[in-house]
Structure formats: C-alpha cells, structure tokens
Amino acid sequence: MKKSGLFFVVLVFVLSVISLNPVEMAAASKVEKIGTPHYSIGILNSEVGIGPNGEEAIFAISNGNPAILNVIRAKSGEKISSHALPGASQAWGTTIDPSGNVYIAGGANLYRYNPDNDSVEALGRAIASETTLWHIKSDENGRIYGGAYPNGKVFMYDPETDQFTDYGTMVDGEQYARSIAVYKNKLYVGIGTHAHLIEFDLDTLTKREIPLPEKFQDQKYIYDLDIVKHVLFARVTDASTLLVYDLKTSKWVNEIPGVKGVKVSPSGPGNQVYFNKENELHSYDLKTGVLKSTGFKDTWSNKGFGWVHLDEKGFYGPSLVSVLFNGKYWAYNPQSGKYKFIEAQMEGQPIGIQSIGLGPDGNIYTSGYLTGGFASYSPTENKVTSFTGFGQAENMISTDKYLYLGVYAGGDIYQYDPTKPYDHDPSNVAEATNPKRLMSLRPYGQDRPFGFAEGDGKVFIGTVPDYGKLGGALTILEEDTGKYEVFRQVVQDQSVISLQYQDGLVYGGTSVSGGLGSIPSMQEGKLFIFDPQTKEKLYEGTPLPGEKAIAALSFDDEGYLWGMSPGKIFKFDPQTKQVLQTKELFSYNWEGVGHYWRGAFLSYDNDGHFYGVSTGKLFKFNPETWELDILDSNAALFSKDLEGNLYFGRGTDLYKYSK
C-alpha cells in the first residue's frame, strides 16, 4: 500500500474514534463479561425412531442458544450425533413422518432431520404472524400439521411442494393452538387459554367444536392431544386430567385425574398405552378402558414415548422408553415389569438469563429462562457457581437473612439461605430445603411474580395473574412467621409489576397487561399506595398518561419517589401525592406490544444518581439536571453489588459495569 493510502486509512480510523461519544467510550472500558451462568439440557419433547445405520435412536432437543437436536443410541445412551438449530432456542413439538424423517418445531420455524444422511434442514418460518410453534403431527402422507401462538393458528407443511399453508385462527380471541392430532381427514386442535377442542375438516376447511365434559369447560388448556387407533386422549390443565374420547362413537368415555404431560405412548403389547399418573407409570387398555398401575414410579417428567428393543436380561421384546426433562431416560419392559434409568450423552446448552438480584451474602444471583437454573457470582472471588433443577425465577430480592425468588409457573415463592448447602430436587419440591418453597399463589389466580420490595420484617410481592385472566395481586409475607396475606385487584384488572416500601407504606406500579391470552380492560398503568397495617389502598393515580405500565420505582435520598415506564420517567411527592415533573428518556412505541410485565429498572445510588436499564440500554440519570448518560447499548435486566457496581444480562451472559 502507498504511504498516502495508509495515511488515509489511519486518518479515517482516528476520526471515527474521535466522533464517538466520550461517555460511551469511557463506559465501554468499564464493561466486563463475567460469563455464562446457566447451562441446561431442558428437554421439552422427543421422538423414538430409526437413526443412522438403521439402529433404534432417540431424538431429543435440548433448549439453549441455539437449541440442539441430540441423536442418541437407544440401547446405550451414547451420542450418535448432535445438530444445532439456528434460530430456535427451544422446541415444543416433534414428530416422525412415515419415511422416518424427524420434524422439529423450533421457535417459529420448522426443521427436518434426515437419518439417512444424518443432517438437519431448516424449512423456514411456518406462519409470518406467529412467533412460537407448539405440538406438530404427521399424517400418513408425510404432511406436517401444527399449532401456533399468538393468534392460535394452525398450519400445514407439504414436503412435496415445500410450501406452508396457513389455516387461520381456530377460535377467535384465543392465542394458543397448543396441541394437535390427525385422524383420517381431520385435525383435532387443543386450544388455550380457555380450553376448546376443535375438529377441523381438511377437505372442507370447516371447523366444529367438540364440547368438553361440563365440569372441564372452565379449564385453561387442552395441553396435550394424542390419537391411538380410534381413541383420542386430551389432557386438560390446570386439572391435569386426561379425557378419553371415542372417535367412532363421538363420545367421551373416560376421565383420568392426576396425569402429567406431555404424551400418551404409542400402543404396545396387548393394546396397552402408557402415561404418567401421579408420578407413576400406568397402562390403559384401549379396548376395555381398564387402567392399571405398573409399580414403576419416579416417571415425573416424560417428554415423549417410544418402543425399543434392548435385548438384555429382563428386557426381551419391546420396552417402553421415555426421555425426562433433564436428559436422562428410562426403559420399562411390560413383560417382566423391570425398569432402569439410562444416562444419555447430551451436553448442556447455554440459556438466557431471566433475572438478576443481590443476595444477603453480597453475591449476585441469577436464574435462567424457560429451563430455569440457579447461579451465584462472587464479586470478591470472581467466581460463578451454578446449580441445576431450579425453576424459572421472574425476579428476586434479599433481606438481611434470605434471598426470596418468585418462580413461574404458579406464582411459587421460594426462600434461599446462602449459609446452607443448595438442596433442590425438582421431582420432589415439597421436600426440597434450600431453596424451599414457602407458598404458591396459584390458588389466588396468580402466576408470575415480578414486583418485589422488603422492609420492617416483611417481603412484598407483586404478581401477574394466570393465563387468560386480569387482576394481579399484592402479597405481604411476614419473614419470621411465614404467614402471608394476598390482596388481589389492588388496582382493578391490572398486574402489580414494581414495588417500593418506605415509612410503613407500600408503593406499587402496575401494567394493564394480565396473563397471556387476556385482553386489557384499561389503557394506562397506575401508581398506588397501600397501607399494610390498615390493609387499605390510600392512593391510586396515573403518573404518566398514555403509558401502559409503571415498570420501575425507586426513592431518592430526599424521600421523593421516582418511577419509569419503558420510555418515560417521573418524580412524585409522597406527601402531596403530586407528580412534580416528567421527561421522555427513550423512544418507545406501545403499538403492537402484546403484553408488558418487565423491562425497565431504576435504582438510586449513594453517588446521587439513578442507574438502570430500559429499552436495552444501561443508563445513568442525574435527578438534579435530568441529564441522561448511556453506559451500554446492549443490556437487559439489572442489579447492583455492595460496592455499587452494576450487573446486566446480554443473551446468555452476565456482565459487570465497574463504577
């Protein structure tokens, strides 16, 4: 290169550096990647079929970034191969076509695995309007059918034409086409968040509803559907009851309570199918309807069934296998009654961070998305310690003694003592000691705990209601006694997503969004004040007109309350109950936002500034000048350590901003 050319390149580089915001340049040097705290296998669905070289194989998809298809030798658990699914972090649906190809519904996309050449092909997005695919099934001609979210649509993929067909929404107003089954020329579709069973005629493209038995018509989902011969099995939730429908007579013929998902097995010897009932494998006779227990317990999370031939002592003839959520699988032989567990060679995948919080020991704690997980980072030792088996914590807060975690689903509240060993078995939550479950808010119609505050020996919890419902709750927990009280509809039809506590009063911010599948009845998020002693709401107002959520609250050192929507900030005087000033900090368009529960974080620091995260930006805000500095432009979630350093998530990784 000539000297003049080299000089030009250097000059351009220098000018580009000079043009950067000095604050952003300085901030960038303070950002440190801590690492990936959560790895998980997290199997949601699997299939059993013929793999490469004609041997029996298990096809299981582990969640992660990206999700991974694991091809496992059924006899031994050895890994045959693994394949990334770019564009998918989870896979709720799998099926095998008559040619032995394995189809995978990953995220919004459909994938196909060909065992002949041990390869995966991405087939594309099934429906442009849908973000998540659920269960899928193949018909006898190899066409693939599936349901989707958020418009409750059903699609078909035809491998001969390599084209998708959008059959549209099955039930107006319902967002989930959660489960699907094929019988002759008809589809059967399980709907939520208000349970419906739809029969869709593929010849005429007409729909008719099959009414559920009367006592199950208030259920949320038909979560699973399977057809074995002419018998349809529909598992409804929250009742966890398996309903049995005879497709020949068009009648409901049985109700089996206590059944867990996600599938009923293919028929085995003697016309028997198998499923998990009350943590034990049961058989069901397709001809007589007789239900029997097998004596095989600890089958707590079957994620698919299939029949294989192990050809070893006690396992002659076909044996039933099922993959567990954690990647292990079991084999049960109906002839001998013998069973065993097999460790599959699956590697955990990095998963996204769902929540970050400061523990009473000064460590930073995190939980993972969907497959959960629990991890701590020690700032003094610069060390991450990860645990498995814990659920998806939506948020957390610490008191002087304990860390409290709010876990989805069911609004479960856990207490963790960092001075004691971690002890949590997902198959036996009732006996788990650390973190231990204190309560479930499901009986109060609550599902996701996002708002937390603490003070005066109490923990305050704000929640989003269950699927299809409006009306969150404020729960007050006495730390010493474990007693709690739930106040629902503190703000009518709104979820409680942010909380602060000061001078004996609880301050809360709300969102108009309820549980998924609900339609907001209000248009603006509220600020409320609640007195725990009198159990009365003292104030309710709209601090940011036009904003649908008050997502973050924090007090300054003068006793003023500050709050944020995703884009705007306000200053509130608790004495006069007046909003003193507001300002737009970030551009945010509410149009097209399906729901909003979380996204803005705000925390006052002893240096006189607020720090937080919103719209993907880590920021510093001066309450005197109302000036904003962007510290990082790719940040999610937020917490601080005891030294005031800031923590945030970026995908699967934890980051630290050193002040």
Side-chain angles (χ1 to χ4, degrees), residues 45-49 56 58-59 93-98 100 102-103 134-147 178-190 197-200 202 210 212-213 222-236 240-277 280-294 296 299 302-308 317-323 332-335:
N45 221 314
S46 67
E47 298 292 331
V48 178
E56 293 175 330
I58 294 172
F59 308 96
T94 56
T95 191
I96 297 181
D97 72 8
V102 181
Y103 285 83
W134 300 112
H135 290 179
I136 57 176
K137 294 287 172 63
S138 172
D139 69 10
E140 59 186 11
N141 296 309
R143 291 172 297 211
I144 307 302
Y145 302 89
R178 187 64 182 76
S179 53
I180 200 161
V182 189
Y183 182 72
K184 296 183 178 179
N185 65 333
K186 292 182 173 63
L187 294 182
Y188 294 85
V189 187
L197 178 60
I198 301 299
E199 181 187 80
F200 182 74
L202 293 166
I210 299 175
L212 298 176
I222 297 181
Y223 207 84
D224 307 314
L225 275 178
D226 290 288
I227 295 175
V228 186
K229 297 187 177 179
H230 64 280
V231 181
L232 181 146
F233 296 90
R235 189 174 71 92
V236 295
S240 291
T241 297
L242 191 66
L243 304 179
V244 186
Y245 185 80
D246 190 318
L247 291 167
K248 288 184 177 179
T249 63
S250 299
K251 292 181 179 179
W252 294 104
V253 296
N254 217 330
E255 301 169 1
I256 306 170
V259 175
K260 295 184 179 181
V262 296
K263 291 183 178 181
V264 169
S265 80
S267 62
N271 274 313
Q272 303 288 316
V273 296
Y274 294 80
F275 46 81
N276 184 330
K277 172 178 163 58
E280 181 178 352
L281 187 67
H282 283 67
S283 66
Y284 181 85
D285 193 304
L286 291 172
K287 289 185 176 181
T288 65
V290 173
L291 179 71
K292 291 184 179 180
S293 63
T294 65
F296 175 29
T299 60
N302 61 283
K303 301 302 178 183
F305 289 105
W307 293 94
V308 301
S319 293
L320 185 67
V321 296
S322 179
V323 179
Y332 168 81
N333 188 273
Q335 182 178 338

Minimum side-chain heavy-atom gap Lys184-Leu247 below 4.5 Å: no
Sidechain-backbone polar pair: Ser322 side chain, Gly304 backbone, donor-acceptor under 3.5 Å: yes
Pairwise side-chain contact, Tyr332 with Leu281, heavy-atom cut-off 4.5 Å (strictly under): yes
Smallest separation among heavy atoms of Ile256 and Val259, with atom names: O-CG2, 3.5 Å
Interatomic distance, Arg235 atom CZ to Tyr223 atom OH [nearest 0.5 angstrom]: 7.5 Å
Spacing of OH belonging to Tyr145 relative to CZ belonging to Phe200, to within rounding of 0.5 Å: 9.5 Å
Least distance between heavy atoms, Gly142 atom then Ser138 atom: CA-OG, 3.7 Å
Worked verdict on Leu320 versus Trp307 for side-chain contact (heavy atoms from CB on, under 4.5 Å): CA-CA 5 Å; Leu320 185 67; Trp307 293 94; 3.8 Å; yes
Atom of Phe305, atom of Lys263 and distance for their closest heavy-atom approach: CE1-O, 3.1 Å
side-chain hydrogen bond (donor to acceptor under 3.5 Å, both in side chains) between Glu47 and Thr94, intermediate numbers included: CA-CA 7 Å; Glu47 298 292 331; Thr94 56; 2.9 Å; yes
Rounded distance (nearest 0.5 Å) linking atom CG of Leu197 with atom CD1 of Ile210: 4.5 Å
Side-chain donor/acceptor of Gln272 to backbone N/O of Gly270, under 3.5 Å: yes
Closest non-hydrogen atom pair between Leu202 and Lys186, with its separation: CD1-N, 4.3 Å
Side chain Asp139, main chain Asn141, donor-acceptor under 3.5 Å: yes
Asn45 side chain reached by His135 side chain, heavy atoms, under 4.5 Å: yes
Side chain to side chain contact (heavy atoms under 4.5 Å, CB included), paired with Lys137, selected from Ile96, Leu187, Ile144, Asp226: Asp226
Within-4.5 Å side-chain heavy-atom neighbours: Val244 and Trp252: no
Separation between OH of Tyr274 and NZ of Lys292, rounded to the nearest 0.5 Å: 9.5 Å
Residue pair Pro213 / Leu243: nearest heavy atoms and the distance that separates them: CD-CD1, 3.8 Å
Nearest atoms (heavy-atom pairs only) where Ala181 meets Leu225: CB-CB, 4.3 Å
Gap between atom CD1 of Ile227 and atom OH of Tyr188 - 0.5 Å precision: 6.0 Å
Parallel, tilted or perpendicular, as decided by the 30° and 60° cut-offs, for the rings of Tyr284 and Phe275: tilted
Min side-chain heavy-atom separation Ser319-Gln335 under 4.5 Å: no
Min side-chain heavy-atom separation Val264-Val231 under 4.5 Å: no
Sidechain-backbone polar pair: Lys260 side chain, Ser240 backbone, donor-acceptor under 3.5 Å: no
Short side-chain to backbone donor-acceptor contact, Thr95 and Tyr103, under 3.5 Å: no
Side-chain heavy atoms of Leu212 within contact of Ile222, under 4.5 Å: yes
Check: Val273 and Ser267 side chains under 4.5 Å, non-hydrogen atoms: yes
Rounded distance [0.5 Å steps], OG in Ser46 versus NZ in Lys303: 10.0 Å
